[in-house]
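All values below were derived from every heavy atom in this structure, side-chain atoms included, with hydrogens, water molecules and symmetry-related copies excluded. We count residues from 1, following the sequence as given. Just so we're clear, the structure is a prediction, and the values are computed from it rather than from any experiment.
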Amino acid sequence: MELKNVTLEKKERVAVVTINRPKALNALNSETLKDLDVVINELENDKDCYVVILTGAGEKSFVAGADISEMKDLNEAQGEEFGILGNKVFRRLENLDKPVIAAISGFALGGGCELAMACDIRIASEKAKFAQPEVGLGITPGFGGTQRLPRLVGLGKAKELIYTCDMIKADEALRIGLVNKVVPLENLMEEAFAMANKIAENAPIAVKLCKDAINRGMQVNIDEAIAIEAQDFGKCFSSEDQKEGMNAFIERRAKSFQNK
């Protein structure tokens, strides 16, 4: 399938996914969501990719939201269908078996903020701005914003941002825990690659299982979560990378993980 609005590049163990509709500020229409779904499928099957960076084309916008020109004439059933599509794709991204770092250059509004929240880690440029402006358009957040934002910043702050449509700058996003790090715009991709490569130096199977334990554990009570952790901990011992990592430590030599 030919991709029209999303690009995929691979640089050694790191994949870079770019939402590529700069004239529309990278707004998400159905076509773009389906392109992203195809890319996620490819990444799921790529054993040589250890970490993913997700970004938007150009400096003005990461993703400026869902495409209002496509949404404005939808009826109730069509609106629900569009929401289901976005949520399905974002959930696949969230569950991808490798870490995803969002590199956020400018506007991350509505669906763009929701896309960033579906990633594991968010690095923002100093010029990035965030908002869930949906109620000002007569709708709710439809791609997971009502669920992921409270989990990241707390219930009260999430309700405030969603109810008021307030736009916040990168420093405020960092203060409330919406992003992990804020850097100058010219250093954004360099910082994202530095973090991605640091992650990629570690055992990819162990990193994958950490992501699984965290994501699944956050949805259940602590006793069930500890059981999930124990299962994933045990799975590590069936990998060659566990043997390599521990033997390298004991032998005081450099380790060489093979994702096996």
Donor-acceptor under 3.5 Å (Asp46 side chain, Glu42 main chain): no
Pair listing, salt bridge (charged side-chain N to carboxylate O under 4.0 Å, His left out) test, anchored in residues 65-88, at least two apart: Arg21-Asp67, Asp37-Lys88
Thr32 and Asn29: side chain donor to acceptor below 3.5 Å: yes
Criterion side chain to side chain contact (heavy atoms under 4.5 Å, CB included) on Leu178 and Leu149, from CA distance to verdict: CA-CA 8 Å; Leu178 182 56; Leu149 190 59; 3.9 Å; yes
Qualifying ring-ring contact (aromatic ring centres under 6.0 Å, His included) pairs, either residue in residues 107-161, two or more places apart: Phe82-Phe143, Phe90-Phe143
With sequence neighbours excluded, residues passing side chain to side chain contact (heavy atoms under 4.5 Å, CB included) with Asp171: Lys169
Pair listing, side chain to side chain donor-acceptor pair (under 3.5 Å) test, anchored in residues 52-66, at least two apart: none
Residues forming a ring-ring contact (aromatic ring centres under 6.0 Å, His included) with Phe237, sequence neighbours excluded: Phe233
Donor-acceptor contact present, side-chain Asn5 to main-chain Asp35, <3.5 Å: no
Side chain to side chain contact (heavy atoms under 4.5 Å, CB included) against Leu155, all qualifying residues, sequence neighbours excluded: Pro150, Lys159
Whether Asp241 side chain and Phe257 backbone form a donor-acceptor pair below 3.5 Å: no
Side chain Lys98, main chain Leu43, donor-acceptor under 3.5 Å: yes
With sequence neighbours excluded, residues passing side chain to side chain contact (heavy atoms under 4.5 Å, CB included) with Ser256: Glu244, Gln258
Salt bridge (charged side-chain N to carboxylate O under 4.0 Å, His left out) pairs, two or more places apart, involving residues 106-131: Asp120-Lys211
Residues that, via side-chain heavy atoms closer than 4.5 angstrom, fall in one hydrophobic cluster with Ile205: Leu209
Backbone N/O of Ser105 and side chain of Ser125: donor-acceptor pair under 3.5 Å: yes
Results of salt bridge (charged side-chain N to carboxylate O under 4.0 Å, His left out) for Lys4 - residues two or more places apart only: Glu31
Value rounded to 0.5 Å, distance of CD1 in Ile121 from CG in Leu54: 13.0 Å
Single-linkage hydrophobic cluster Leu25~Phe62, side-chain heavy atoms < 4.5 angstrom: no
With Val220 via side chain to side chain contact (heavy atoms under 4.5 Å, CB included) - residues at least two apart: Glu224, Ala225, Ile228
Residues in side-chain hydrogen bond (donor to acceptor under 3.5 Å, both in side chains) contact with Glu191, at least two apart in sequence or another chain: Lys181
Basic-acidic side-chain contact under 4.0 Å: Lys198, Glu201: no
